[in-house]
Amino acid sequence: MPELPEVEGFRQYLQATSLGRRIESVAVRRRRILRGTSSARLREALTGSRLVAADRHGKYVFATPDRGGCLVLHFGMSGRLKVFRRPVQRPPHTRLLVRFADGSHLAYVCPRMLGGVSITLSAEHFVREHGLGPDALSVSRAEFKAIFAARRGMVKPALMNQRNVAGLGNLYTDEILFQASVHPRTPLGRLSEAQLDALYRSTRRILRTSIRRRAEYDELPRSYLLPGRDEACPCPRCGGRIVRSIVGGRATYHCPRCQRRPRVNSPSHV
DNA sequence: AGGACGCCCTGTTCGC
DNA sequence: TGCGAACAGGGCGTCC
C-alpha cells in the first residue's frame, strides 16, 4: 500500500531507470486512469521528449519532460512502476505504457484502478491546485506544529489529511501515533507541546527508517507496530493487547496501555 | 468545519 | 472443498 516511503521508492526507481531516454511512444491502456487529461494531451506532452527529473510530493511522483509540462503519477493503494525490455515481460494490469527509443519500457501498473495519471504545468502548480500541505519529510518542526495547532478534530484523521501534511497514509499514521504514545482519537486542541514534538520526531524517524529499509514492513525494527499490525500480536513495547477500531472511517490499531486516551470531561486548556 | 458514511476498484482473506 | 461476502484503503463527494 503505497504511502510516502513506497512512493519515494518509485521516484528513485524512475530516476534510476528512465531519465534521459527518448520517449518513442505512449499508450494509455485504460482511459479511466486519466485525471483531467486526455490520451492525446498525454501523448503530446511526452512523445519525443526525454524525462529530465523525477520528484515527489507526498504520495505523488512528478516526471518532468525536457519540453516542459509535467507527468503526475498517483498510485492509489495498489499502483507501482515497472521497467522491462521484452514485450512479453509487460506486467498484468499495466494501465500506461511508455516505450523508449532504446527499446526499454516503463509500465504504470495499477490493478485496483485507485490511482491516476495526469499532466500538469509543474509540481508546484499541482500542489497548489490540489491544496496539498507541505511534504511530510520536508516540513519544518515549526510549520508542522503550527499546522496542527491551527486545526480541530481528531489527531489521526488530521495526520492523514493531505491538505495538512502530504504523504501519511493509514498504516504509517498508526505507527507515528504509536511511537509518539498518542491515542488516535485525541482532539488536536488537547495535544501538549511535548506531544506535538513527539509526533514530528516520530514522523521523521519512521519515514526515514522505512525509506532506508525500502518500505519493507518485515525489515522494520522489532519495536515497530507495523509488522505485527494485528490484534493477535502483542504490543512490541508493553506486551499488552493491541486493539482494532475504526477512526475516521479507517481500520486503526493502537495499544490502549501505551497510547492513553485523554479523559473526556477534563477541562481543556484552550 | 468536523465527522460519519458511501463510492470506486479488484485481489485476497474469511466464514459458512 | 467451494463459493460468495467482507475486507483492504487513498481520495473524493455528500450529508448532517
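Everything quoted here is computed from the prediction, not taken from an experiment.
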For [X] and [N], give me the distance from atom [atom1] to atom [atom2], rounded to whole Å.
{"X": "A:Asp174", "N": "C:dA8", "atom1": "CG", "atom2": "P", "value": "12 Å"}
{"X": "A:Leu132", "N": "C:dG11", "atom1": "CG", "atom2": "P", "value": "8 Å"}
{"X": "A:Tyr60", "N": "C:dC12", "atom1": "OH", "atom2": "P", "value": "5 Å"}
{"X": "A:Leu159", "N": "B:dG2", "atom1": "CG", "atom2": "P", "value": "14 Å"}
{"X": "A:Ile147", "N": "B:dA1", "atom1": "CD1", "atom2": "P", "value": "16 Å"}
{"X": "A:Met77", "N": "B:dC9", "atom1": "CE", "atom2": "C1'", "value": "10 Å"}
{"X": "A:Met160", "N": "B:dG2", "atom1": "CE", "atom2": "P", "value": "16 Å"}
{"X": "A:Arg185", "N": "B:dG2", "atom1": "CZ", "atom2": "P", "value": "16 Å"}

- Message: Let me test you: for the helix from B:dG2-C:dC16 to B:dC16-C:dG2, what is the angle between the axes at its two ends (five pairs each), rounded to 10 degrees?
- Response: 60°

- Query: Side-chain N or O of A:Gln162 less than 4.0 angstrom from OP1 or OP2 on C:dG11?
  - Reply: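 Yes.
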
- Message: Looking at A:Arg250, I'd like to know whether one of its side-chain N or O atoms comes within less than 4.0 Å of OP1 or OP2 on B:dG6.
- Response: no

Set of residues satisfying salt bridge (charged side-chain N to carboxylate O under 4.0 Å, His left out) with respect to [X], sequence neighbours excluded:
{"X": "A:Asp55", "result": "none"}
{"X": "A:Arg50", "result": "none"}
{"X": "A:Arg99", "result": "A:Glu24"}

Go through the structure and list residues passing side chain to side chain contact (heavy atoms under 4.5 Å, CB included) with [X], not counting sequence neighbours.
{"X": "A:Ser223", "answer": "A:Pro221"}
{"X": "A:Arg43", "answer": "A:Val26, A:Ser39, A:Ala40, A:Thr47"}
{"X": "A:Arg141", "answer": "A:Lys145, A:Asp197, A:Tyr200, A:Arg201"}

- Message: Regarding A:Glu44 and A:Arg41, does a basic nitrogen lie under 4.0 Å from an acidic carboxylate oxygen?
- Response: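 Salt bridge absent between A:Glu44 and A:Arg41.
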
Check nucleotides 13-16 of chain C for protein N or O atoms closer than 3.5 Å to its own N or O atoms and list the pairs.
none

- Joint cluster assignment, A:Leu137 & A:Phe126, ILVMFWY side-chain distance < 4.5 Å: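 Different hydrophobic clusters.
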
- Task: Return each pair, listed once, that meets salt bridge (charged side-chain N to carboxylate O under 4.0 Å, His left out) where at least one residue sits in residues 153-167 of chain A; pairs must be two or more places apart or across chains.
- Result: A:Lys156-A:Asp174

- Message: For A:His130 and A:Arg244, find the nucleotide of DNA chain C closest to each by heavy atoms; which residue's nucleotide sits nearer the 5' end?
- Response: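 Checking each residue's closest nucleotide, the 5'-ward one belongs to A:Arg244.
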
- Query: Centre of A:Phe144's six-membered ring, under 6.0 Å away, within 45 degrees of the axis: is that where NZ or CZ of A:Arg204 sits?
  - Reply: no

Could you list, one pair per line, each protein nitrogen or oxygen that sits under 3.5 Å from a nitrogen or oxygen of nucleotides 10-12 of chain B, together with the distance?
from: B:dT10; atom 1: OP1; to: A:Arg30; atom 2: NH2; distance (Å): 3.4
from: B:dG11; atom 1: OP1; to: A:His93; atom 2: NE2; distance (Å): 3.3

- Item | Touch class at under 4.0 angstrom, heavy-atom based, for A:Gly249 against every strand present |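 If one applies the 4.0 Å heavy-atom cut-off, A:Gly249 turns out to touch nothing in the nucleic acid.
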
- Set of residues satisfying side chain to side chain donor-acceptor pair (under 3.5 Å) with respect to A:Arg205, sequence neighbours excluded: A:Gln179

- Residues sharing A:Met154's hydrophobic cluster, by side-chain heavy-atom contacts under 4.5 Å among ILVMFWY, directly or via others? A:Val247

